[in-house]
Amino acid sequence: MHVSVVLFTSDLRLTDHPPLRAALDAADAVVPLFVRDRAVEATGFAAPNRNAFLDDCLADLDSGLRERGGRLVVRSGDLVAEVCRVVTEADADEVHMSAGHTRFATVREERLRSALEAAGRRLFVHDAVTVAVPPGTVTPASSDHFAVFTPYYRQWAQVPLRPAFGTPRRVSVPEEVGGEKVSAHGGSSEVSPALPPGGESAARGRVTAYWRRGLGAYEDTRDDLAADATSRFSPHLHFGTLSPVELVRRARRHGGPGAEAFVRQLAWRDFHRQVLAARPDAARADYRTKHDRWRTERTAAEDIEAWRTGRTGYPLIDAAMRQLRHEGWMHNRARLLTASFLAKTLYVDWRIGAAHFLHWLVDGDVANNQLNWQWMAGTGTDTRPNRVLNPVTQAKKYDPEGTYVRRWVPELAGVDAPLVHEPWKLPGLDRAALDYPDPVIELSDGLDRFRHARGKQP
DNA sequence: TGCGAATTGCT
DNA sequence: GCAATTCGC
């Protein structure tokens with residue numbers, strides 16, 4: 001009897017899953033395996049919200065497999081060692097998994113390949129599972145990756161997508177392979193109170209609802225903070241409970257300006273991945289350094305703490321930072337504004353902001369998070385000079401009624417727009433009654449105050 | 001190789 | 001509208 005192993009990573013679904021399909025085609029039985037890799041903790045990118053969401057994903061994957069006559073095998077330890085152990089126990093010939101695009105993922109993949117080949121087994125790594133268009137598929141004439149989104153997108157849009165696979169009817173799993181008990185997360189004090197549920201079932205429910213109501217209006221509503229009309233697919237895309245290939249295909253079939261704008265945003269995921277695949281160090285180092293001498297924990301402790309806890313005195317910034325902690329999620333427009341505020345207005349090292357986001361975001365993703373932070377900090381792929389988003393101007397534009405601010409900052413619940421966005425302009429007595437902090441910095445002198453610290457090195 | 005384009009801010 | 005930088009053709 002032929003047995004193959006499907007190693008699940010950031011692809012926790014049964015629908016449109018090329019490694020699972022290939023494993024089923026190659027063997028009479030498969031072992032669907034997930035390894036809680038101890039080494040992930042050491043990357044510094046693991047976090048309570050994502051661990052809780054992951055528990056939901058695994059529980060749902062397990063029940064999906066059980067409905068099809070199988071089950072999910074979960075192990076803990078060193079990923080390479082555990083996969084080898086399972087391969088031996090099941091006497092499997094081959095292992096199928098999807099490609100990762102961080103340095104951690106590619107190094108781990110190579111270790112696994114060597115270990116398996118030494119044991120006479122084969123590793124198959126599948127592309128186009130966690131992205132629609134894999135890194136390296138399209139490149140500019142002069143480089144191994146695109147550094148500007150628009151020319152990338154023009155080519156990306158021309159790439160023929162592979163067909164989307166359906167959900168397998170039956171998955172038989174050999175009985176002799178054992179694993180840990182799988183159950184949905186029980187919640188803990190570390191986890192955001194309004195964390196969304198994980199798992200492919202929840203993801204597909206969200207797609208159905210969004211396709212019915214949200215997608216058509218995406219172009220017009222995606223930047224409206226109060227409407228909160230975005231898809232909220234991001235955690236599902238991060239954990240792979242949704243397939244990017246399937247989403248792009250379905251959106252294109254749907255058609256219209258909303259679907260087009262939505263597909264364009266999905267292309268940003270692939271764009272950031274092809275940058276990170278070519279420049280893995282961009283997860284921690286400047287992609288294009290400007291030799292900034294950032295303020296740090298040591299020199300800006302109070303400002304950083306005010307930003308983290310949502311007490312900067314800029315209502316929109318504070319609303320967004322509180323939403324992040326409460327939901328483990330933040331509106332994309334708010335991510336740009338809070339990042340600009342920390343990196344450009346407070347002139348704090350983007351890594352400090354990126355680390356805070358990765359701690360709380362349930363969709364926290366090395367490629368998207370780090371490269372978006374770099375984009376906003378001016379060290380990334382955006383070349384435009386000194387782009388500072390003004391938190392008051394942007395608040396009036398994207399939250400004109402102040403609804404978003406009042407939703408997250410109860411101190412300002414009784415203040416109307418436009419003053420809700422600049423409460424320091426309220427008459428003295430009204431302002432004193434608010435119990436809301438004064439701005440940590442004047443917008444006008446923000447950059448000037450720190451610019452002396454910024455200079456080119458010889 | 002000159003030129004359009006880039007999740008924009010400020011006048 | 002202009003700012004004023006870099007990519008990619």
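First the proteins, then the strands, lettered A, B, ... as listed; each starts at 1. Note that these values count all heavy atoms, side chains included, but never hydrogens, waters or copies made by symmetry.
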Which listed nucleotide (dA6(B), dT8(B), dC9(C)) is nearest to the side chain of R264(A)? dA6(B)

Using ring centroids (six-membered ring only for Trp), state whether F341(A) and Y314(A) fall under 6.0 Å. yes

Would you kindly give the CZ-to-P distance between R333(A) and dT8(B), to the nearest whole Å? 7 Å

Which nucleotide, dC10(B), dT5(C), dG8(C), lies nearest any side-chain atom of P140(A)? dG8(C)

Could you tell me whether a side-chain N or O of D56(A) sits under 3.5 Å from a main-chain N or O of P197(A), the two making a donor and an acceptor? no

Sugar-phosphate only, base, or nothing, as touched by T393(A) at under 4.0 Å among non-hydrogen atoms: sugar-phosphate

Is there a Watson-Crick or G-U wobble partner for dG4(B) with both distances under 3.5 Å, and if so, which one is it? dC7(C)

At what distance, to the nearest 0.5 angstrom, does CG of D127(A) lie from OG of S98(A)? 9.5 Å

For the residue pair R232(A) and W329(A), would you count it as a cation-pi contact if the rule is NZ or CZ under 6.0 angstrom from the ring centre and within 45 degrees of the ring axis? yes

Of the listed nucleotides (dT8(B), dC7(C), dC10(B)), which one gets closest to any side-chain atom of Q394(A)? dT8(B)

Please give me the minimum heavy-atom distance between D144(A) and A278(A), naming the atom from each residue. OD2-CB, 3.7 Å

Check whether the side chain of R384(A) and the base of dT5(C) form a donor-acceptor pair under 3.5 Å. no

Taking the side chain of R288(A) as heavy atoms from C-beta outward, which of dG8(C), dC7(C), dG9(B) is closest to it? dC7(C)

Taking dG9(B), dC10(B), dC7(C) as options, the one with an atom nearest any side-chain atom of V148(A) is dC7(C)

dT6(C) P sits how many Å from D286(A) CG, rounded? 15 Å

In whole angstroms, the gap separating C1' of dG9(B) from CE of M376(A) amounts to 11 Å

Of the candidates dT6(C), dG9(B), dG8(C), the side chain of F146(A) sits closest to dG8(C)

Once you round it to whole Å, what is the distance between P of dC10(B) and NZ of K344(A)? 12 Å

Do Q374(A) and T381(A) pair up side chain to side chain, a donor and an acceptor below 3.5 Å, judged on atom types alone? no

Spacing of D382(A) atom CG relative to dG9(B) atom C1', expressed in whole Å: 13 Å

Between dC9(C), dG9(B), dT6(C), which nucleotide gets closest to the side-chain atoms of Q155(A)? dC9(C)

Could you tell me the separation between the NZ atom of K290(A) and the C1' atom of dA4(C), rounded to a whole number of Å? 13 Å

Nearest to side-chain heavy atoms of L389(A), which nucleotide of dG8(C), dC10(B), dG9(B): dG9(B)

Interatomic distance where CH2 belongs to W156(A) and P belongs to dG8(C) [whole Å]: 18 Å

For dT8(B), does OP1 or OP2 lie under 4.0 Å from any side-chain N or O of N390(A)? no

Counting only side-chain N and O atoms of T150(A), is one of them less than 4.0 Å from OP1 or OP2 of dA6(B)? yes

Selected nucleotide, minimal atom distance to A141(A) side chain, candidates dG8(C), dG9(B), dC9(C): dC9(C)

For atom OH of Y153(A) and atom C1' of dC7(C), their distance in whole Å: 19 Å

